[in-house]
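Reviewing the structure listed below.
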Amino acid sequence: MASRLLHRHIREQLKDLKEVTHESLVVGAIENAFQLMDEQMARERRGHQVEGGCCALVVVYLLGKVYVANAGDSRAIIVRNGEIIPMSREFTPETERQRLQLLGFLKPELLGGEFTHLEFPRRVQPKELGQRMLYRDQNMTGWAYKKIELEDLRFPLVCGEGKKARVMATIGVTRGLGDHNLKVCSSNLPIKPFLSCFPEVRVYDLTQYEHCPDDVLVLGTDGLWDVTSDCEVAATVDRVLSAYEPNDPSRYTALAQALVLGARGTPRDRGWRLPNNKLGSGDDISVFVIPLGGPGSYS
């Protein structure tokens, strides 16, 4: 639904702009479009029994600038003359811990008496009541000590590390579209209030640099980035594109395919493996490669 309709919402919001006097107007239009898409999903799920949600990563080119909007754990980077320029970041329980904790602090009713907004290095045990333990709240980036109280025995709002981090022990992504019916496992507590549909939008001005045909914008779902670093993607960009003539349009499709196949790995006795013998990605691997410079010319 998002892949079919989100771009239409963006187009309608941009059409409402009489003139683009500042890039913040475009950013606002894109942000508003994401919210309208989420609201449409909320309305139509009732009649169509549609469940679930999705991440969204969008690129808009307008008046010499590229706008990259991300809500979820997909990511985008620009590879320009070998340099890596991040154009998004992942939104996970770890990266948005303080936003989630602040909401739990301001609206404790959303925690349903089952969760605590505080974070501890590990799950607090009943025998530790009255003892001192490290903790951090919505205002803290470091750790401090507090005396353990009864409420601290509740399950933490944010728990786990890396790919295993979860909000309310349920979902590992904190921004996206949909998930209006998502509830805590074995509970009727809704999770949607903690999930944001608003993207982070980053802007790249194409007119500030002379781009060659090897300069590209790479978009990938978490299946790519889970097993491939930015530097490895940049190395693949250089290796694949250098094997093709600059005016060969198939070079970008070949690059996208190489990135997907590289993240998937090759079948061996114990599953799909990468060259370093680590497991290949078991997640969705979708990749777009967008050239920033025209074939054989500069833009």
Judged by modelled atom types alone, do Arg202 and Asn70 share a side-chain donor-acceptor pair under 3.5 Å?
no

So does [Y] get a backbone contact from the side chain of [X], meaning a donor-acceptor N/O pair under 3.5 Å?
X      : Y      : answer
Thr221 : Asp284 : yes
Arg136 : Thr141 : yes
Glu94  : Gly162 : yes
Lys192 : Gly178 : yes
Asp152 : Glu149 : yes
Thr170 : Val184 : no
Asp137 : Asn139 : yes
Thr236 : Leu259 : no
Arg45  : Gln40  : no
Thr174 : Phe91  : yes

From Leu100 CG over to Leu195 CG, what is the distance, rounded to the nearest 0.5 angstrom?
8.5 Å

Gap between atom CD of Gln35 and atom CE of Met37 - 0.5 Å precision:
12.5 Å

Heavy-atom neighbours of [X] [atom1] exceed 12 at 6.0 Å:
X      : atom1 : value
Arg89  : CZ    : yes
Glu161 : CD    : no
Lys183 : NZ    : yes
Glu245 : CD    : no
Phe120 : CZ    : yes
Lys107 : NZ    : no

What's the verdict on side-chain contact (heavy atoms from CB on, under 4.5 Å) for Thr116 and Leu111, showing C-alpha distance, side-chain angles and the deciding distance?
CA-CA 7 Å; Thr116 172; Leu111 301 175; 5.9 Å; no

Stepwise side-chain contact (heavy atoms from CB on, under 4.5 Å) test for Gln13 and Ile30
CA-CA 7 Å; Gln13 291 302 302; Ile30 296 171; over 6 Å; no

Please determine if Arg175 and Glu200 form a salt bridge, counting it only when a charged side-chain N lies under 4.0 Å from a carboxylate O.
no

Look at Asp214 together with Arg251 and state whether they make a salt bridge at an N to O cut-off of under 4.0 Å.
yes

For ring pair (Phe, Tyr, Trp, His ring centres under 6.0 Å), just list the numbers for His117 and Phe115, CA-CA rounded to whole Å, side-chain angles, deciding distance to a tenth of an Å, and then say yes or no.
CA-CA 7 Å; His117 73 282; Phe115 294 86; over 10 Å; no

Could you walk me through whether Arg122 and Met133 pass side-chain contact (heavy atoms from CB on, under 4.5 Å), step by step?
CA-CA 10 Å; Arg122 55 175 175 76; Met133 182 179 286; 3.5 Å; yes

